[in-house]
Amino acid sequence: MTELTVNGAPVTVASDGDTPLLTVLRDELGLVGSRFGCGQGLCGACFVNVDGTVMPACQTPLGQVAGQGVTTVEGLSRDGTPHPVQQAILDRQAAQCGFCISGIVVRAAALLAEEPDADADRVAEALDRNLCRCGAQRRIIGAVLAARDLT
Amino acid sequence: MSDLPAHVIDNPHLGTWLSVADGLLEVHVGKVELGQGILTALAQIAADALGVPLPAIRMVAAHTTDGPDEGLTAGSLSVLQAGPALRHVGAVVRALAGPSEPVTSYVERVAALDPHTDLTSVAPAGAAETRSVGRSEARLDLPDKVLGRPRYLADLRPEGLLHGRVLRPPSPGARLVELDQGWKATGVELVRDGSFVGVVGEREADVDRALEQLRRDTTWAEEDSLPDEDDLPAWLREGPHEVIEVVDEGAPDEVALTASYSRPFLLHASIAPSVGMAVWRDGVLHVWSHSQGIHALRDAIAQALELAREDVAVEHVENAGCYGHNAADDAAFDAVLLARAVPGRPVQSRWTRPDELTWGPLSSAMTATVSAGLVDGRITGWAYDVWSQGHTARPGFRGTPGLLAGAHLAVPVPMPAATDPPLPGGGGTTRNAVPLYDVGPRRVTGHRKARTPLRSSAMRALGAHLNVFAIESFMDELAETAGVDPVRFRLDHLTDPRAAHVVETAAHLAGWDDPLPEDVGRGLGFARYKDNGAWCAVVAEVAVGSNVRVRRLTVVADLGTVVNPDGARNQLEGGATQATSWTVKERVRFDRRRVTSDDWERYPILSFAEAPLVDVHLVESDAPSIGAGEAAQGPTAAAIANAVHGALRVRVRDLPLTAESIVRAIEAQE
Ligand code: FES
Ligand code: FES
């Protein structure tokens, strides 16, 4: 049994310590907002925030986050109010298939928390480990900047 | 009633298109959401046709039993095909249940209509008021996707769900020679049929581990079956070929210029691996798939397993964007085969990332040679030959199921070489192979390779990416030979006013004549997609340093009437950005045995920092709607190559436009 905090709530999970956190979130906890894209830490679809550090949940063994606080895309909206980055993405329709968006929102939210003045180049650089195949990159960068101006 | 929409004639019952639940009008369509926003555009059309506001509509995903058969969602035809059908359905409903206000009582009257009402025998009401069409309505599917709610196929968790994984062979020609009879792994059951091997189990962690164990415990017989990746143009030109005569008005009398162009194999590279889900229950096989053609998939599954069509039901569930025929159908068939071993239990089977990048259908490598006559600045004749593997191997092609796992079964279901869509449907190898310019007599021929060790099928724009790249690069080469500005040279050879308009507008908006810094170039590319679709011109501004950096794309498109302007812009932006990635970065890698570009490091795609700024301008028009999703790919590739030439005075004719290919072109030029 491993204890950790997910989106503010303490949970105890039965998976072994070497199970990828992403599998635990999706399969054991039913939190499917973090998407499986590659399982190799190379696409960013599964990014989660662990006590302030963004990491690929697919490459993070459960044992490594025991006792820590994990925030997933589901935990970014508060009481039904989307996170400003999510709201800006919706306002600007900055997505096509949307499969890349969960991990991008997690990464961009962490960036704006650390660097509230990030400019377009900084946003692009921060999203360096996130891939978008539909070609929505420029819209997404625009939405993150709009979220920055909103907060 | 010959002017009835084809999809209404094929699906004549009201209940196939419309139902009522929770006080909403549920609209059933056969077109599927691939991330292109089609459900929203069709909801807008349906809302106007039925005479209700958009929130009174709920779109229902395509289903082989409960919805209309509208064929494939492909070829940028969805609005063109599905729009008229929805307008007719709406007009019939208004005739039978109108007036449409107040909405609540109208919806009740619609609910009371006989679902068997024959849509072909009721006189429709007059045209409806346009309220939603033409507005940039927000996408209906995006809130779930942006807020991280369950929406994709892999998010479904039905009662009793089992997870599945299939071990794909290590290389295209491989056969399974050894797997211990008593093979076991924790928490899973083995499923085997010939060289098809997979596992099912309750927990995802178990099936993932079992798959890796299975990989270690199997022995395969492999063979070298692949061509030399560094000599693809020569390999493509080796016969036998199926010859496609597109036009033959005779060859040019005198050739002023000849050039050859090529591109490597490319990948859909969807950001999500393909997934399928299936359950065999009470004599019916239920399948959930992100296929682009659920009816064709149903027929293919029935054919492969010798089932009656009525005993197979396929329902569409979204996945990440696919850009043509990717592994969606194959993953569905995997789930079907795994679920057959555990009757009554749904099995969800997901591909691995390496399998998605190596086993999904590729988009074929291509090469073309073009020659033209040129007298006093005018083109006087044109000859064009293009060589390629086929561009479609969709389920049902050449009368075969065309599902990957079929080829690995103990009694295999063969998979012949890919073919092409028919010429009136735009062709494949020869898509956009005929220039729209006035070039004198033309001879255009396609050569489709008859033997294909690498599986290929449809990807966005099909052959148009290479053909437009070749034609539009060559137009610049001719213009240079003639000593004429490339935009002027194009306009001199265009008689179609809508074509000339997008070319002129793109040049104007991009500041065609404005000076540029050193090492920065500007280039233009133009095409009318499939010769009957959208007109699109792109100007690229490119900086060339240690690699090619596309800074800005100006895209001008004439799409006729636009149902959702922001949605269309989004499609063009995405198409142009993706084509930039194809053009400057992408190449499937392989040795003589295996595809080796099996992860995102070995198949890199455009990053956030590399994505160009894209300005999209839509031409105002009230002509019929034409799709936007495939209009920009060819013009973007050509615009970038022409801009590279602008920056370096070097003509790069082989894609991708990497530092390596530029160096090779410089050496060849010297
Ligand atoms: S799924 Fe974790 S980085 Fe791709
Ligand atoms: S929107 Fe499809 S991958 Fe980003």
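Just so we're on the same page: letters track the sequence lines, and every chain starts at 1. Since we're looking at a predicted model, the values are computed, not measured.
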Among B/Leu147, B/Leu142, B/Val146, find the residue that satisfies the side chain to side chain contact (heavy atoms under 4.5 Å, CB included) test when tested with A/Ile89.
-> B/Val146

NZ/NE/NH1/NH2 to OD/OE distance under 4.0 Å, B/Glu573 and A/Arg139 |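 Yes, this pair counts.
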
Would B/Glu610 and A/Arg138 pass as an ion pair if we require N to O under 4.0 Å?
-> no

Side-chain contact, heavy-atom cut-off 4.5 Å: A/Ser15 with B/Arg203?
->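 Contact flag for A/Ser15/B/Arg203 side chains = yes.
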
Any side-chain donor near an acceptor of the partner, B/Asn570 and A/Gln93, under 3.5 Å |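 Side-chain D/A pair, B/Asn570 to A/Gln93: absent.
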
[X], part contacting chain B, at a heavy-atom distance under 4.5 Å:
{"X": "A/Leu76", "value": "neither"}
{"X": "A/Ala45", "value": "neither"}
{"X": "A/Asn130", "value": "both"}
{"X": "A/Asp91", "value": "neither"}
{"X": "A/Leu127", "value": "both"}

Counting heavy-atom pairs under 4.5 Å to chain B, which of [options] comes out on top?
{"options": "A/Thr19, A/Leu131, A/Ile101", "answer": "A/Leu131"}
{"options": "A/Gly33, A/Ser34, A/Cys97", "answer": "A/Cys97"}
{"options": "A/Val73, A/Thr23, A/Leu90", "answer": "A/Leu90"}

What part of [X] is in contact with chain A, defined as an atom under 4.5 angstrom from a non-hydrogen atom: side chain, backbone, both or neither?
{"X": "B/Arg350", "result": "side chain"}
{"X": "B/Ser581", "result": "side chain"}
{"X": "B/Arg139", "result": "both"}
{"X": "B/Leu613", "result": "both"}

CZ/A/Arg129 to CH2/B/Trp600 distance, rounded to the nearest 0.5 angstrom?
-> 13.0 Å

Apply salt bridge (charged side-chain N to carboxylate O under 4.0 Å, His left out) to A/Arg92 and B/Asp566, showing your working.
-> CA-CA 9 Å; A/Arg92 302 171 75 103; B/Asp566 185 61; over 6 Å; no

Exam field: side chain A/Arg35 to backbone B/Ile271, donor-acceptor pair closer than 3.5 Å | no

